[in-house]
Amino acid sequence: MSLLLTRRRAAAAVLTAALLVPLAACGNDDKKEADSGSEATSSASGAPKADLTVLAASSLTDVFKEAGAAYEKANPGTKVTFSFAGSQELAAQVKQGAPADALVTADTKTMDGLSGDTGKPTVIAKNRLVIATGEGNPEKVESLKDLADPKLKVVLAAPEVPVGRYSQQILDAQKIEVKPVSQEPNVRAVLSKVELGEADAGLVYKTDAATATDKVDAIEIPDAENAIASYPAATLKASKHSEAAAAFVAWLSTPEAQKILQGAGFQQP
């Protein structure tokens, strides 16, 4: 009887061991899945992965498309989508609660007005103004003073737009009165008017004129008569991807990003 009991106990032990093997294997698989899941939350560079939406000033349209592609390449699994508009329009979107993760404006005044909605801003680039004319400068515009000619069709950005404010600033400083044929909602709209021949001249950022060298000429404005535009970047407090947004904003100040910005004609911050 004792021999039979011993054999039964031995069989039970073998059966228990057999059952434990797949459970252990399952536990290891669960651990691997958990580990792989944690790795999926960050990119090779250590920045958290996310689909980011960045509100950016119109003058950054071309360069940010290049910068965004470079950032995505360095951070596989992260996607950066930009929404470009005049800085005043972007500010209105933020105030209205538009879903976004970061903001870059073309002036510090607009950004400062959103201090309750953003993290601490960092200036990532600077810019200057030029006079954009039709290709070949058919009206022979040479300086800001020429813009006062009533026969010249001049287009400016609206005064609430950063580039419009900078334009009025430099014209007032030189005591030059200009009566624009239109006031546009952003710098790209000003450039477009000149490109299409709907205006003889307009004040735009140097970097914007550089994107249309086959359609417009850029007349330099002396530093003493010019204005410096600063571009601050900040995370938005309403972002659902705060760490990833902070990583992108920080990246804009890195050598890689600065090389892209300066290659497009922007100045060092």
> How about Glu198: does its CD atom have over 12 heavy atoms from other parts shown lying under 6.0 Å from it?
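Yes, because the 6.0 Å sphere around CD of Glu198 holds more than 12 heavy atoms from other groups.
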> Indicate yes or no: at least one non-hydrogen side-chain atom of Ser167 is less than 4.5 angstrom from one of Leu129.
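The answer is yes, as the side chains (C-beta and beyond) meet within the 4.5 Å cut-off.
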> I'd like to know if the side chain of Glu139 and the backbone of Gly134 have a donor-acceptor N/O pair within less than 3.5 Å.
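Side chain of Glu139 to backbone of Gly134, a donor-acceptor pair under 3.5 Å: no, none is there.
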> Go through the steps to decide whether Arg165 and Thr110 satisfy the test side chain to side chain contact (heavy atoms under 4.5 Å, CB included), and finish with yes or no.
CA-CA 11 Å; Arg165 192 158 53 247; Thr110 300; 3.9 Å; yes
> If every non-hydrogen atom of Thr211 is compared with every non-hydrogen atom of Thr207, which pair is closest and at what distance?
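Residues Thr211 and Thr207, closest heavy atoms: CG2-O, 3.3 Å.
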> Say you draw a straight line from OG1 of Thr61 to CD of Glu66; how long is it, rounded to the nearest 0.5 Å?
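Here the rounded value is 13.5 Å.
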> Against Leu203, only a single residue in Val163, Ile219, Ile221 fulfils side chain to side chain contact (heavy atoms under 4.5 Å, CB included); can you say which?
Ile221
> Which pair of heavy atoms, one from Ala234 and one from Pro121, lies closest together, and at what distance?
CB-CA, 3.8 Å
> Assigning hydrophobic clusters by single linkage (Ile, Leu, Val, Met, Phe, Trp, Tyr; side-chain heavy-atom cutoff under 4.5 Å), is Phe82 placed with Val187?
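Yes, because Phe82 and Val187 connect within a single hydrophobic cluster, where side-chain heavy atoms sit under 4.5 Å apart.
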> Do side-chain atoms of Asp101 reach the backbone of Val54 as a donor and acceptor pair under 3.5 angstrom?
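Checking the backbone N and O of Val54 against the side chain of Asp101, no donor-acceptor pair under 3.5 Å is found.
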> Would you compute the distance between atom CD of Glu195 and atom CZ of Arg188 and round it to the nearest 0.5 angstrom?
8.5 Å
> List the atom of Glu89, the atom of Ala85, and the distance in Å for their closest heavy-atom pair.
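Heavy-atom minimum between the residues: OE1-CB, 3.8 Å.
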> If every non-hydrogen atom of Thr122 is compared with every non-hydrogen atom of Ser253, which pair is closest and at what distance?
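Shortest heavy-atom contact: CG2-OG, 3.9 Å.
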> Going by heavy atoms in the side chains, are Asp117 and Lys237 under 4.5 Å from each other?
no
> Hey, mind stepping through Lys95 and Leu114 against side chain to side chain contact (heavy atoms under 4.5 Å, CB included) and telling me if it holds?
CA-CA 8 Å; Lys95 288 295 187 183; Leu114 297 168; 3.5 Å; yes
> With the side chain counted from C-beta on, respond yes when Lys206 and Glu220 share a heavy-atom pair under 4.5 Å apart, and no when they do not.
yes
> With the 4.5 Å side-chain cut-off for hydrophobic clustering, are Val155 and Ile170 part of the same group?
yes
> Is there a donor-acceptor pair under 3.5 Å between the side chain of Gln267 and the backbone N or O of Ser230?
no
> Is there a continuous path of hydrophobic side-chain contacts, each under 4.5 Å between heavy atoms, that joins Leu52 to Leu236?
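The answer is no; the residues belong to distinct hydrophobic clusters.
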> Any side-chain to backbone donor/acceptor pair from Thr118 onto Thr235? Under 3.5 Å, distance only.
no
> In this structure, are over 12 heavy atoms from other groups packed under 6.0 Å from Gln174 atom CD?
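Correct, the count exceeds 12.
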> Is Val161 linked to Leu55 within one hydrophobic cluster, defined over Ile, Leu, Val, Met, Phe, Trp and Tyr using a side-chain heavy-atom separation of less than 4.5 Å?
no
> Would you compute the distance between atom OG of Ser143 and atom CD1 of Ile176 and round it to the nearest 0.5 angstrom?
6.5 Å
> Transitively linked via ILVMFWY side-chain contacts under 4.5 Å: Phe84 with Leu103?
no
> Charged N to carboxylate O under 4.0 angstrom, Lys140 versus Asp149?
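No salt bridge links Lys140 with Asp149.
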> Where is the tightest heavy-atom contact between Ser242 and Ser239, given as atom of each residue plus distance?
N-OG, 3.6 Å
> Nearest 0.5 angstrom please: Gln268 CD to Leu261 CG, how far?
11.0 Å
> Compare all side-chain heavy atoms of Leu60 with those of Phe266 and state whether any distance is below 4.5 angstrom.
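Yes, close enough: below the 4.5 Å cut-off.
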> Which atom names give the shortest non-hydrogen contact between Pro269 and Ala125, and what distance separates them?
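Smallest interatomic distance, heavy atoms only, reads CB-N, 3.8 Å.
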> What distance separates Asp107 CG from Tyr231 OH, expressed to the nearest 0.5 Å?
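Answer for the CG-OH pair, Asp107 versus Tyr231, is 9.5 Å.
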> Are the side chains of Glu184 and Ser192 in touch, meaning some heavy atoms are under 4.5 Å apart?
no
> Under the side chain to side chain contact (heavy atoms under 4.5 Å, CB included) rule, what do Lys193 and Val204 come out as? Steps first, then yes or no, please.
CA-CA 11 Å; Lys193 288 282 187 180; Val204 302; over 6 Å; no
> Under a 3.5 Å distance rule, please check whether Thr254 uses its side chain to pair with a backbone N or O of Trp251 as donor and acceptor.
yes
> Please report the C-alpha distance between Tyr205 and Val190 in whole Å, then the side-chain angles of each, then the deciding distance to 0.1 Å, and finally whether the side chain to side chain contact (heavy atoms under 4.5 Å, CB included) criterion is met.
CA-CA 10 Å; Tyr205 295 119; Val190 175; over 6 Å; no
> Determine whether Pro48 and His241 make a side-chain contact, defined as any pair of heavy atoms from C-beta on separated by less than 4.5 Å.
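Pro48 vs His241: side chains apart.
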> Hey, what do you get for OG1 (Thr78) to CG (Asp51), rounding to the nearest 0.5 Å?
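If we round to the nearest 0.5 Å, Thr78:OG1 and Asp51:CG are 8.0 Å apart.
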